[in-house]
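Reviewing the structure listed below.
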2 protein chains.
Amino acid sequence: MNQHDHSFLSPNTVDEASRIFKALADPTRIKILYLLSQEECSVNHITEVLDMTQSAVSHQLSFLRNLRLVKYRREGNTFYYTYDDEHVITILNQVLSHIQCE
Amino acid sequence: MNQHDHSFLSPNTVDEASRIFKALADPTRIKILYLLSQEECSVNHITEVLDMTQSAVSHQLSFLRNLRLVKYRREGNTFYYTYDDEHVITILNQVLSHIQCE
DNA sequence: GTTATATATGAACATATGCTCATATAGTTC
DNA sequence: GAACTATATGAGCATATGTTCATATATAAC
């Protein structure tokens with residue numbers, strides 16, 4: 001059998017999949033996305049719930065923003081974040097419920 | 001609103017989810033798992049198809065073996081690998097087909 | 001038993017990742 | 001406009017990650 005007997009993934013597809021899974025691969029980001037899957041949250045709220053520094057949370061939100069997995073709206077000094085990729089939330093919830101069912 | 005108004009994930013659940021997503025976060029492992037989702041493969045075959053060194057492939061297989069995502073059978077000098085976690089393959093295929101549909 | 005083949009494994013290295021610390025930015029309140 | 005609040009951001013650092021290189025292991029063929 002040689003290399004041409006397979007159905008292949010394009011490099012772009014592999015990279016994009018890798019990016020999505022990388023986004024979900026960190027415990028902090030899992031917790032943030034799980035929170036946002038339940039309700040809109042301010043940065044401050046996320047910081048308190050996860051018991052992390054403001055900076056650490058903000059860096060992770062920046063990461064998620066760059067991947068367009070979350071978006072925010074501003075209200076005065078407060079930034080309210082929501083998720084912005086239904087599919088990724090679905091994948092996350094599938095994996096979480098699969099784990100919890102064991 | 002305080003910390004107790006949320007449905008929380010247990011640390012174990014978060015860690016386990018993180019481990020699954022980390023496994024899928026690397027392009028090489030995505031390609032290997034995708035190959036194995038289609039057919040049983042020898043290490044040598046994977047090495048050729050992915051055009052990587054034997055060592056690199058073997059290290060990644062070792063990684064996937066530790067997470068029980070793949071298993072193998074031996075036939076003489078040849079090790080034939082198959083996937084060993086249907087759910088992870090399902091998640092991978094969902095993400096891949098979602099990307100390819102865009 | 002020696003040689004060849006297929007795979008595994010340990011050390012080393014370069015890059016990526018996630019956090020902290022310090023500071024910048026921008027809106028709010030007085 | 002000065003002080004306060006909420007968030008963002010850049011630099012630095014420690015750890016994790018993925019590869020290469022060299023070598024070990026184990027079966028096969030002779």
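When reading the values below, keep in mind they use all heavy atoms of this one structure, side chains included, and skip hydrogens, waters and symmetry mates. Quick note on labels: first sequence line is chain A, next is B, and so on, each numbered from 1.
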For S58(B), report the nucleic acid contact type (base, sugar-phosphate, nothing); a contact means any heavy atom under 4.0 Å.
base
Y80(B) side-chain N/O to dT7(C) phosphate OP1/OP2 under 4.0 Å:
no
Looking at dT9(C), I'd like to know if its phosphate oxygens (OP1 or OP2) sit under 4.0 Å from a side-chain N or O belonging to Q54(B).
no
In the structure I gave you, are the side-chain heavy atoms of Q54(A) and N44(A) within less than 4.5 Å of one another anywhere?
no
Figure out the CG/C1' separation between N77(A) and dG27(C), and round it to whole Å.
4 Å
dT9(D), dT9(C), dT28(C): which one has an atom nearest the side-chain heavy atoms of S62(B)?
dT9(C)
Rounded to whole angstroms, how far apart are OH on Y72(B) and P on dT25(D)?
16 Å
Return whichever of L61(B) or G76(A) has its heavy-atom-nearest nucleotide of DNA chain C closer to the 5' end.
L61(B)
Could you tell me whether the side chain of R19(A) and the main chain of A25(B) form a donor-acceptor pair under 3.5 Å?
no
For the side chain of S55(A) and the base of dC19(C), is some donor closer than 3.5 Å to an acceptor across the two?
no
Between R65(A) and dT7(D), does any side-chain N or O lie under 4.0 Å from OP1 or OP2?
no
What is the separation between atom CZ on F63(B) and atom C1' on dT9(C), rounded to the nearest whole Å?
16 Å
Do L92(B) and L24(B) have side chains that approach each other closer than 4.5 Å (heavy atoms only, starting at C-beta)?
yes
Report the distance from atom CG of D26(A) to atom P of dA16(C), rounded to the nearest whole Å.
17 Å
Does NZ or CZ of R74(B) lie under 6.0 Å from the centre of the six-membered ring of Y80(B), at an angle within 45° of the ring axis?
no
Please state how far atom CZ in R19(B) lies from atom C1' in dT17(D), giving the value in whole angstrom units.
17 Å
Given dT19(D), dA6(C), dA8(C), the nucleotide with the shortest approach to the side chain of V43(B)
dA8(C)
Go through the N and O atoms of the side chain of H59(A) and the base of dT20(C), and report whether any donor-acceptor pair is under 3.5 Å.
yes
Quick one: does E16(A)'s side chain get under 4.5 Å of Q100(B)'s, heavy atoms only?
no
Any idea how Y81(A) and Y72(A) line up, ring-wise: parallel (<30°), tilted (30 to 60°), or perpendicular (>60°)?
tilted
Quick one: label T53(B) by what it contacts on the DNA or RNA (base, sugar-phosphate, nothing), any heavy atom closer than 4.0 Å.
sugar-phosphate
Counting distance only, does the side-chain N/O of T13(A) pair as donor-acceptor with the main-chain N or O of L9(A) below 3.5 Å?
no
Pairwise N/O distances under 3.5 Å, protein to nucleotides 12-14 of chain D:
none

Applying a 4.0 Å non-hydrogen cut-off, can you work out what Y81(B) is touching in the nucleic acid: base, sugar-phosphate, or nothing?
sugar-phosphate
Would you kindly give the CZ-to-C1' distance between F21(A) and dG18(D), to the nearest whole Å?
19 Å
Does dC19(C) have OP1 or OP2 sitting under 4.0 Å from an N or O in the side chain of T28(A)?
yes
If you find the nucleotide of DNA chain D closest to A56(A) and the one closest to M52(B), which residue's nucleotide is nearer the 5' end?
A56(A)
Given dA8(D), dG18(C), dA8(C), identify the nucleotide with an atom nearest to the side chain of R29(A).
dG18(C)
Considering just the side-chain nitrogens and oxygens of R74(A), establish if one lies under 4.0 Å of OP1 or OP2 belonging to dA26(C).
no
Report the distance from atom CG of N66(A) to atom P of dG10(D), rounded to the nearest whole Å.
11 Å
Euclidean distance, atom CG of residue L50(B) to atom P of dG18(D) [Å, nearest integer]
15 Å
Counting distance only, does the side-chain N/O of S37(B) pair as donor-acceptor with the main-chain N or O of Y34(B) below 3.5 Å?
yes
